[in-house]
Number of protein chains: 2
Amino acid sequence: MAVTVVGSIAFDSVKTPFGERERMLGGAAVHFALAASFFEEVCVVGPVGDDFGEAELDVLRARAIDVSGIDHVAGGETFFWAGEYGWDLNSRETLETRLGVFETFQPELSAVARSSDVLFLANIQPDVQRAVREQCEGASFAALDSMNLWIDIARPSLVQTIAGVDCLVLNDAELRQLTEKPNLIAAAREILSWGPPGPSVIIGKQGEYGAALITADCFFSLPAFPLESVIDPTGAGDTFAGGFVGYIAANAKGAQPDEQTLRQAMAYGTALASFNVEEFGTERVARLTGAEITARVAELARITRFSDAPVDLRD
Amino acid sequence: MAVTVVGSIAFDSVKTPFGERERMLGGAAVHFALAASFFEEVCVVGPVGDDFGEAELDVLRARAIDVSGIDHVAGGETFFWAGEYGWDLNSRETLETRLGVFETFQPELSAVARSSDVLFLANIQPDVQRAVREQCEGASFAALDSMNLWIDIARPSLVQTIAGVDCLVLNDAELRQLTEKPNLIAAAREILSWGPPGPSVIIGKQGEYGAALITADCFFSLPAFPLESVIDPTGAGDTFAGGFVGYIAANAKGAQPDEQTLRQAMAYGTALASFNVEEFGTERVARLTGAEITARVAELARITRFSDAPVDLRD
């Protein structure tokens, strides 16, 4: 199995200015897996409760995702999140979170999941992420997402967990919070200096503004794909990560990705994320085609291209 | 005279986490003029008071800027602004604003200023901007900046003024506020639909995230140049506008700029703005060289470049 993702599998109730959905399929691992499935085989690991059924599994199976790592906890309730977005989608309020089966989640990976070349630790408690990383110690490329909550209440554990991965994916504000450095480049350089071991690739997610990638030798930045209508940003970051990590899994072939691979992976992640926000939840990505993705990547290249032929300036 | 800019000439007292300056030379017209002076002759129009002297004029003269349009109001005080930035420079608080000679500013342009091919109306009261536009009716390319204050208290006048220019430069949040559209693309399309007459080029400034350009046929976006140390963002937007409009003045040669020219102009504006924030006020741009600017534009091209060679995806 090429890519294993461990993280939340959820029901989301989401209200945006453009509509609402009750208890739709969501969760970081689900959004990631759907996006990564365009590049490689994906194994999803996470717990669900009695309320999670065949209809939800079929969304994943339709993309040939391995659901054998989804652990059905008898008598349990699937993770539930309810939230509402502001008028321009740049703010959101959590209305309700019920951890359900996640409260006692202690992942025990199958042999298939453990043998993955590439591992994505979606945003969960950092001790749990580290336990998974230790079970997948053979993975050649491991990436991790987290959130402000864990920086606030479990920073030492999070820092220790970060030391065990190759790539850290965080919102740029969270990178600043984690390092107490006031800007993205300074924050990324600080984290790069923690190793080795430690991540050699830092990604700052910037929401509607796109994402930036920083390594010891390279800075690369892409705007988000411009959309006239954005319906629901839920899962955009995980969909980005799925495109990014999936591309690396398919193209780095067991080695650390080179700079060109990282740049292209950023473009695929950005393209995937832009589809995700066009409709609610998984609706758009679930019926996406490879041709639509490559067309959007080509469009992204056009959007950012300019000639740097030198001109005469007045000194 | 190729470019005329009308707007504030100021003293700024600025405090950031990285230092502070008292009564340094600033103002939108000053930042714009210094940046645009790398591309074309620039004529600055705006009022100053008794406190504005030869030292300040010399900063402009050193860049061969025409200061004959700077109107010394005897007994008056130069526009003064004091502000303080938050730890990551993404928020700022205005501590004091004294309009001084700007309170009664009624621009009367000289024949030289009126004859400019290109006009930039920096952020001032929209009635005053419109009066200037009418005096420069021969300009082949006119651009305008504004701010949330005028959207709040003078929206009808601002909309009328926008109808008389070719290019609108606003923060993206202000574009949304002006149009009541929740995203940048929808907001820009709304403004493009107001004409003709009206702007055919919309720029959404995005602060540390860069800037986006929207026309009827084109979307182009550039991240800000990555800097490990940003000292003072004051004037970055006007410096961007100076590079952007200056590049157009030098390269569009009296016609409306084509798409390639607009893209390159965005790159030069972005490069200029990145120098501006490296030090306080005008300090860095005042001693900048053309070679530094072209090197940074080339670096910007590298930062955003990726291959869009298609890959096989798993449908």
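To find a chain, count down the sequence lines: A is the first, B the second, and so on, and within it residues start at 1.
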_If I measure from the heavy atoms of chain B, does A:Leu222 come under 4.5 Å with its side chain, its backbone, both, or neither?_
side chain
*Counting N and O atoms only, with roles assigned by atom type, does the side chain of B:Asp308 sit under 3.5 Å from a partner on the main chain of A:Val297, one being a donor and the other an acceptor?*
no
*asked:* Looking at every non-hydrogen atom in both residues, tell me the closest pair between A:Ile303 and B:Phe220 and how far apart they are.
replied: O-CD1, 2.9 Å
*Side chain, backbone, both or neither: which part of A:Glu208 has a heavy atom under 4.5 Å from chain B?*
side chain
*Do you know which two heavy atoms are closest between B:Phe306 and A:Thr304, and how far apart they sit?*
CE2-OG1, 4.2 Å
*asked:* Can a donor-acceptor pair be found, under 3.5 Å and without considering hydrogens, that links the side chain of B:Gln264 to the backbone of A:Ser307?
replied: yes
*Of the backbone (N, CA, C, O) and the side chain (C-beta and beyond), which part of A:Leu300 lies under 4.5 Å from a heavy atom of chain B, both, or neither?*
both
*Shortest non-hydrogen contact between B:Val311 and A:Thr294, atoms and distance*: O-CG2, 4.0 Å
*So, B:Asp88 side chain and A:Arg176 main chain: donor-acceptor pair closer than 3.5 Å or not?*
no
*For the residue pair B:Tyr209 and A:Tyr209, does the interplanar ring angle fall in the parallel (under 30°), tilted (30 to 60°) or perpendicular (over 60°) class?*
parallel
_Heavy-atom contact with chain B under 4.5 Å, split by part of A:Glu180_ = backbone
*asked:* If we ignore hydrogens and angles and just use 3.5 Å, is the side chain of B:Arg263 paired with the main-chain N or O of A:Arg305 as donor and acceptor?
replied: yes
*Of the backbone (N, CA, C, O) and the side chain (C-beta and beyond), which part of A:Asp315 lies under 4.5 Å from a heavy atom of chain B, both, or neither?*
both
*Pick from B:Val230, B:Leu288, B:Asn183: which one has the most heavy-atom pairs with chain A under 4.5 Å?*
B:Asn183
*Residue among A:Glu228, A:Gln206, A:Arg63 with most heavy-atom pairs under 4.5 Å to chain B*: A:Glu228
*May I ask you to name which of B:Ala186, B:Pro226, B:Ser229 has the most heavy-atom pairs under 4.5 Å with chain A?*
B:Pro226
_Residue selection (most heavy-atom pairs with chain A, distance under 4.5 Å) from B:Leu89, B:Asp312, B:Asp172_ = B:Asp172
*Between chain B and each of A:Pro310, A:Ser37, A:Ala187, count heavy-atom pairs under 4.5 Å; write down the option with the most.*
A:Ser37
*asked:* Using modelled atom types and a 3.5 Å cut-off, is there a donor and acceptor pairing between side-chain atoms of B:Arg314 and backbone atoms of A:Phe39?
replied: no
*asked:* Using heavy-atom distances under 4.5 Å, tell me whether A:Gln260 contacts chain B through its side chain, its backbone, both, or neither.
replied: side chain
*Which bit of A:Phe18 comes within less than 4.5 Å of chain B, counting heavy atoms only: side chain, backbone, both or neither?*
side chain
*Working for side chain to side chain contact (heavy atoms under 4.5 Å, CB included), residues A:Ile185 and B:Leu227*: CA-CA 6 Å; A:Ile185 309 299; B:Leu227 293 170; 5.8 Å; no
*Highest number of heavy-atom pairs under 4.5 Å with chain A: which of B:Ala212, B:Ser221, B:Ala295, B:Ala250?*
B:Ser221
*Can you see which heavy atom on B:Tyr268 is nearest to which on A:Ala309, and at what distance?*
OH-O, 4.1 Å
